[in-house]
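Here is how names work: the chains are called A, B, and so on, in the same order as the sequence lines, proteins then strands, and each is numbered from 1. Hydrogens, waters and symmetry mates play no part in the numbers below; they use all other heavy atoms, side chains included. What you see is a predicted model; the values in this text were computed from it and never measured.
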There are 2 protein chains.
Amino acid sequence: MTQVDTKTRILNAAERLFARDGFHSTSLRTLTSLAEVNLAAVNYHYGSKEALLKAVFERRLLPLNEVRKEKLEAVLTAAEQTGLRPAAVELLRAFIEPTLAFRHSGPGAKDFIALIGRSLSEPDETVRNCFIRQVLPIFKILFGALRKALPELPENILLARLQFTLGALSHVMCHAVNRELQIPGFPEPLADKLLVEQLIGFVHAGLEAPC
Amino acid sequence: MTQVDTKTRILNAAERLFARDGFHSTSLRTLTSLAEVNLAAVNYHYGSKEALLKAVFERRLLPLNEVRKEKLEAVLTAAEQTGLRPAAVELLRAFIEPTLAFRHSGPGAKDFIALIGRSLSEPDETVRNCFIRQVLPIFKILFGALRKALPELPENILLARLQFTLGALSHVMCHAVNRELQIPGFPEPLADKLLVEQLIGFVHAGLEAPC
DNA sequence: GTCTATAGATTGATAGAC
DNA sequence: GTCTATCAATCTATAGAC
């Protein structure tokens, strides 16, 4: 592997450290030291620490959202052609599978998944707003698609259940890195593929639970 | 209402600010200013910022865990007397209801609920470990009880589903304070009582989903 | 573009008067 | 117990040489 340039090395280090330690607890000194670049390079290449955060989100979220959007629309289109409702479980799969599959898309991707898993519950507005702004469009698409799949479910109940779904998904994503929940006396965590299937089955059952 | 003493005022301010801004983003200056006590008082009364965090957790978690434990054991005892398995939904209710009902137990309790909702996904080890240490015992009790309710479910699948459950619960708790998820074009969030019932129904359906 | 050096502000913690 | 004053360390950001 050839050397990557300074700007990318900064991005990689930021992704790793923001995921592991959080945005505020990561200092530019630690970050530039890991990236093996000069302290001043962050401000030269990105302008500020906050702009760097935005760049970290964008690098991964733009293509990921594109994939999720395509998959959701494929399910909707197929349903329209048959004249049937789209199946909720297929929509959930279209959203969840690429999100978690993303972990294996290359080095660093796993860190990123943990980072966005945390971002929804991030106390700091800087981070949370930066994240929400980038995921709100795809979230709206998912919500609209699920309304078509479950039209008899009241809207506000669907929204609440979708929030539970995102909570469960976030939690799984958070622990893409930290496996410290392996506690003596507890069984081994599920293998990756199985975990994804279990999550889809879980939220699907919850989403279609009787009112 | 009579004046509360310095030590308690510090605790109240810490609960509020740690929940709203996070542990690391809260400075002792902001904290003591809100509490209207001297800057040096934190170190005098608690020894360090980290010890203060531990005290914030303990004040609420000791009684809450006691209630959850009693309710879980009541379900188990009742089941033993009838010779039947405990019902999963009753165990979930015994755990979730007091957790969320806690929000109305007094001023500040709502902040605390948001704080513990975040703590599971907290990047910082200081906060996360401090929290996990205090909830692991009750988590083990819940897991053991659910094993009795669903003995045919493989242990590692039960654990995964329990994680999804905690993820959904955490997410709801996180937003006990921040209602900023009311976005134009989305329906009104559910009223409190309804939300709790929906959550219990959701995770119950997920937990008992077919394998 | 990369470096050193440092400004300027803020942090957690403490010493010592009262 | 509460106060002021301050230490020593850290932080983000920037100025300016090369």
Side-chain angles (χ1 to χ4, degrees), chain A residues 2-59 115 119 122-131, chain B residues 2-59 115 119 122-131:
Chain A
T2 55
Q3 274 278 71
V4 293
D5 64 2
T6 298
K7 204 169 171 180
T8 306
R9 286 219 303 284
I10 292 174
L11 213 53
N12 291 339
E15 183 167 75
R16 172 112 76 103
L17 292 176
F18 290 166
R20 200 191 62 186
D21 303 332
F23 178 69
H24 266 109
S25 300
T26 300
S27 75
L28 292 184
R29 276 170 183 76
T30 309
L31 200 159
T32 51
S33 158
L34 175 66
E36 293 181 302
V37 303
N38 188 269
L39 171 61
V42 169
N43 279 279
Y44 176 77
H45 285 285
Y46 293 95
S48 72
K49 190 187 179 187
E50 197 171 325
L52 171 60
L53 176 70
K54 191 168 172 246
V56 167
F57 278 129
E58 276 178 355
R59 173 171 64 162
L115 173 63
S119 298
E122 176 70 40
D124 184 65
E125 286 198 356
T126 309
V127 182
R128 203 180 54 241
N129 289 344
C130 182
F131 173 70
Chain B
T2 54
Q3 274 280 70
V4 292
D5 64 3
T6 297
K7 205 170 170 180
T8 306
R9 286 219 304 283
I10 292 174
L11 212 52
N12 291 339
E15 183 168 75
R16 173 110 77 99
L17 293 175
F18 290 167
R20 201 191 63 186
D21 304 332
F23 178 70
H24 267 109
S25 300
T26 300
S27 74
L28 291 184
R29 278 166 183 79
T30 309
L31 199 159
T32 51
S33 159
L34 175 67
E36 294 180 303
V37 302
N38 188 268
L39 170 62
V42 169
N43 279 279
Y44 176 78
H45 285 287
Y46 293 97
S48 73
K49 191 187 178 186
E50 197 171 325
L52 171 60
L53 175 71
K54 190 167 174 249
V56 167
F57 278 129
E58 277 179 354
R59 174 171 63 160
L115 174 63
S119 298
E122 176 70 42
D124 184 67
E125 287 197 356
T126 309
V127 183
R128 203 179 55 242
N129 289 344
C130 183
F131 174 68

(message) Students often get this wrong, so: under 4.0 angstrom with heavy atoms, is B:Thr30 touching a base, only sugar-phosphate, or nothing?
(response) nothing
(request) Could you tell me whether B:Thr32 contacts a base, only the sugar-phosphate backbone, or nothing, with contacts defined as non-hydrogen atoms closer than 4.0 Å? (result) nothing
(request) Answer yes or no: does a side-chain N or O of A:Asn38 lie under 4.0 Å from OP1 or OP2 of C:dT4? (result) yes
(message) Is A:Thr6 close enough to C:dT2 that one of its side-chain N or O atoms is under 4.0 Å from OP1 or OP2 there?
(response) yes
(request) Would you please test B:Asp124 and A:His24 for side-chain contact (heavy atoms from CB on, under 4.5 Å) and show each step? (result) CA-CA 10 Å; B:Asp124 184 67; A:His24 266 109; over 6 Å; no
Quick one: [X] [atom1] to [N] [atom2], roughly how many Å, whole number?
X	N	atom1	atom2	value
B:His24	C:dT11	NE2	P	13 Å
B:Leu28	C:dT11	CG	C1'	8 Å
A:Lys7	C:dT2	NZ	P	11 Å
B:Asp21	C:dT11	CG	C1'	15 Å
B:Leu17	C:dG12	CG	P	12 Å
A:Tyr46	C:dG1	OH	C1'	14 Å
B:Leu31	C:dT10	CG	P	17 Å
A:Glu36	C:dT2	CD	P	14 Å

(request) Determine whether B:Thr30 and B:Asp21 make a side-chain contact, defined as any pair of heavy atoms from C-beta on separated by less than 4.5 Å. (result) no
Which one, [options], comes nearest to the side chain of [X]?
X	options	answer
A:Ala40	D:dG1, D:dA15, D:dT6	D:dA15
A:Ser27	C:dT2, D:dC11, C:dT11	D:dC11
A:Leu39	C:dT2, C:dA13, C:dA5	C:dA5
A:Asn43	D:dA13, C:dG1, C:dA13	D:dA13
A:Lys49	C:dT11, D:dA13, C:dA15	D:dA13
B:Arg29	D:dT2, D:dC11, C:dT11	C:dT11

(message) So which atom in A:Ala35 and which in A:Ala13 form the shortest heavy-atom distance, rounded to 0.1 Å?
(response) CB-CB, 3.7 Å
(request) Hey, which sits more toward the 5' end of DNA chain D by its nearest nucleotide, B:Ala41 or A:Gly47? (result) B:Ala41
(request) Supply the atom-to-atom distance B:Leu11 CG to B:His45 NE2, rounded to the nearest 0.5 angstrom. (result) 11.5 Å
(request) Give the intermediate values and the outcome of side-chain contact (heavy atoms from CB on, under 4.5 Å) for residues A:Phe23 and A:Lys49. (result) CA-CA 9 Å; A:Phe23 178 69; A:Lys49 190 187 179 187; 3.9 Å; yes
